[in-house]
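Step one of this worksheet: look at the structure below.
Note that the structure is predicted; figures quoted are calculated from it, not measured. We use all heavy atoms of the structure for the numbers below, so side chains are in, but hydrogens, waters and symmetry mates are not.
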Amino acid sequence: MPELPEIETIARTLAPEVESRLIQAVDVFDASAVEPGVDAFRELVLGRRIARVARRGKLLLLHLQAAGGKDGGTVAVHLRMTGRVLAISTGQEPKRPRVVLTLSAYSSDEGPVRLVFSDVRRFGRMHAFAPGDINHWHFYQNLGPEPLTMTVQDFRACLAPGGRPSRARIKALLLDQGVIAGIGNIYADEALFRAGIRPDAVAATLGPGCRAVLFAAIQAVLIQAIAENGSSIRDYRDAQGNAGAFQNFFQAYGRGGQGCLTCGTIMQSLRVAGRTSTFCPRCQTP
DNA sequence: ACGGATTCCTGATGGC
DNA sequence: TGCCATCAGGAATCCG
């Protein structure tokens with residue numbers, strides 16, 4: 001459930017805590033949390049500096065610097081459903097950590113900071129890459145465009161991969177990271193509600209006007225969610241441990257059986273692309 | 001070839 | 001009160 005707005009919020013709250021710090025220790029408490037294996041991960045990360053924190057789709061990226069200011073590769077963190085990345089200072093104890101990176105102090109009157117990756121359901125991963133190697137990672141290389149920087153023309157093209165309009169259902173395309181990067185179940189449902197399009201509408205049947213409306217809805221919902229620091233259903237927290245507030249603005253996600261906020265009709269739920277999808281049968285059309 | 005279904009995980013939840 | 005089935009879902013993998 002950490003999707004684009006949540007990862008963006010984590011990146012923004014993590015950056016001032018960890019950027020320019022040196023990784024002085026690497027502790028892996030759960031071997032399945034790191035790629036490509038515990039020893040290789042430590043080798044790729046230990047002694048590097050965190051030069052810059054960034055985001056691509058739902059990936060949190062730590063760009064590293066090696067001695068002499070040379071490119072030190074990249075760590076890509078995928079939180080999947082319940083992953084968290086927290087920056088904690090000395091004295092605080094991380095709960096159920098899978099990986100802990102101990103970072104240098106900025107000055108002598110300040111203690112070290114730890115970057116903690118935890119994840120109760122253990123679906124998330126930290127992938128370490130040597131310089132340039134992330135570009136050979138299949139998942140990364142096939143990521144679709146960023147919804148907040150693409151144009152409406154790009155978006156129309158997304159829905160017609162290879163020039164042929166897709167016969168897939170629109171929600172399946174929105175959730176496909178190779179089509180457009182960063183959207184998950186929450187923001188797909190919210191954007192489709194705002195655009196008045198049913199999640200099971202066949203993409204090829206949506207006209208140009210309809211696609212433009214959907215694109216505007218996607219951007220609007222992502223921008224508002226970032227402004228609210230993401231959505232905290234249960235697990236999501238930013239790098240300082242704070243919850244987001246966008247869950248208070250949900251109009252579709254998780255509202256099955258409740259009245260539509262626009263027309264009062266009972267919201268229905270449907271399984272599309274293996275996900276629970278909630279929509280208003282009156283406001284949203286095929 | 002393409003799209004849908006299954007699998008991996010654990011904690012919260014609801015019914016009996 | 002306690003137990004058990006069910007549900008949550010991102011993406012790799014399997015299947016039709």
Heavy-atom check, side chain of A:Asp133 versus side chain of A:Trp137, under 4.5 Å:
no
In whole angstroms, the gap separating P of C:dT6 from CZ of A:Arg121 amounts to 16 Å
Rounded to whole Å, the CZ-C1' distance (A:Phe123 to B:dT10) equals 8 Å
(request) Look at the side chain of A:Arg275 and the base of C:dA8, then say whether one donor and one acceptor between them are separated by less than 3.5 Å. (result) no
By nearest-nucleotide position on DNA chain B, the 5'-leaning member of A:Arg234 and A:Arg169 is A:Arg169
Of the listed B:dG4, B:dT10, C:dG10, the closest approach to the A:Met81 side chain comes from C:dG10
Taking every heavy atom of A:Leu61 against every heavy atom of A:Ile134, the minimum-distance pair comes out as CD2-CD1, 4.1 Å
Regarding the side chain of A:Ser166, the nearest nucleotide among B:dG4, B:dG3, C:dA11 is B:dG3
- Give a yes/no answer on whether the side chain of A:Tyr253 brings an N or O atom under 4.0 Å of OP1 or OP2 in C:dG9. yes
Closest of C:dA8, B:dG4, C:dA11 to the A:Gln177 side chain is C:dA11
Testing C:dA12, B:dG4, B:dC9 for proximity to the side chain of A:Arg122, the answer is B:dC9
Closest of C:dA11, B:dG4, C:dA8 to the A:His78 side chain is C:dA11
Examine B:dC9: is either OP1 or OP2 under 4.0 Å from a nitrogen or oxygen in the side chain of A:Arg98? Give yes or no. no
